[in-house]
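Side chains are part of it too, since the values below use all heavy atoms of this structure and drop only hydrogens, waters and symmetry mates.
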Amino acid sequence: MAYWLMKSEPDCFSIDDLASRPRQTEKWDGVRNYQVRNMFRDQMKQGDQAFFYHSSCAEPGIYGLMTIASNAYPDPTQFDAKADHYDPKSKPEEPRWLLVDVRFERKLKTPVTLAELRKHDKQLQGLLLLAPGSRLSVTPVKPAHWNYILKLEGRS
DNA sequence: GCCAACGTTGGC
DNA sequence: GCCAACGTTGGC
């Protein structure tokens, strides 16, 4: 089983939004980045676990835990001309973009903020979120980093 | 295949 | 709202 960190702008879709969905499950749609598409396709598997990270907000950081609830499959919004992430160049017989389903696991007692994570950059060396210029919306997390970050819960 | 222009991300 | 970093696009 692998671990991941997945970013979302809470104004758009937050951990609370996920928790209030039917079966607390939702499609992680709208990803239009080939690196992330390939991670969905080649590495992410149903049963993996992920941090839910809030970005572009007052207090960026990890706010909750999710389970990856499906393997990758085509993102229907790419074919929807009215959708924000419509891709006119993608054809149903040859879908360009994939998504996975995610299920709410729990919120953290207190968020582990980006500022808090930065204080532990020694122990979190190699965490892609902290790498300069890293903007990927989905990144892998090493098990040791996952466990270390969970120990920071409730400290800030 | 190069590379300039443009768009997006995301912290601050 | 600014801006740096990065990805994508498209002309050549």
* Output yes when A/Lys119 and A/Glu116 qualify as a salt bridge under the 4.0 Å nitrogen-oxygen rule, no when they do not. => yes
* More than 12 heavy atoms of other groups within 6.0 Å of A/Lys45 NZ -> yes
* Asked: Between A/Thr113 and A/Glu59, do the side chains contain an N or O donor and an N or O acceptor separated by less than 3.5 Å?
  -> no
* To do: May I ask you to check whether A/Trp146 and A/Phe51 place their ring centres under 6.0 Å from each other?
  => yes
* To do: Using a cut-off of strictly less than 4.0 Å between a heavy atom of the residue and any atom of DNA chain C, enumerate the qualifying residues of residues 7-19 of chain A by number.
  => none
* Is any side-chain heavy atom of A/Asp75 closer than 4.5 Å to a side-chain heavy atom of A/His85? -> no
Contacts under 3.5 Å, N or O only, protein and nucleotides 7-12 of chain C:
| from | atom 1 | to | atom 2 | distance (Å) |
| --- | --- | --- | --- | --- |
| C/dG7 | OP1 | A/Gln35 | OE1 | 3.3 |

* Flag the pair A/Trp97 / A/Phe79 as yes when their ring centroid distance falls below 6.0 Å, and as no otherwise. => no
* Asked: Does the ring pair (Phe, Tyr, Trp, His ring centres under 6.0 Å) test come out yes or no for A/Phe40 and A/Trp4, once each step is laid out?
  -> CA-CA 11 Å; A/Phe40 279 173; A/Trp4 304 92; 8.2 Å; no
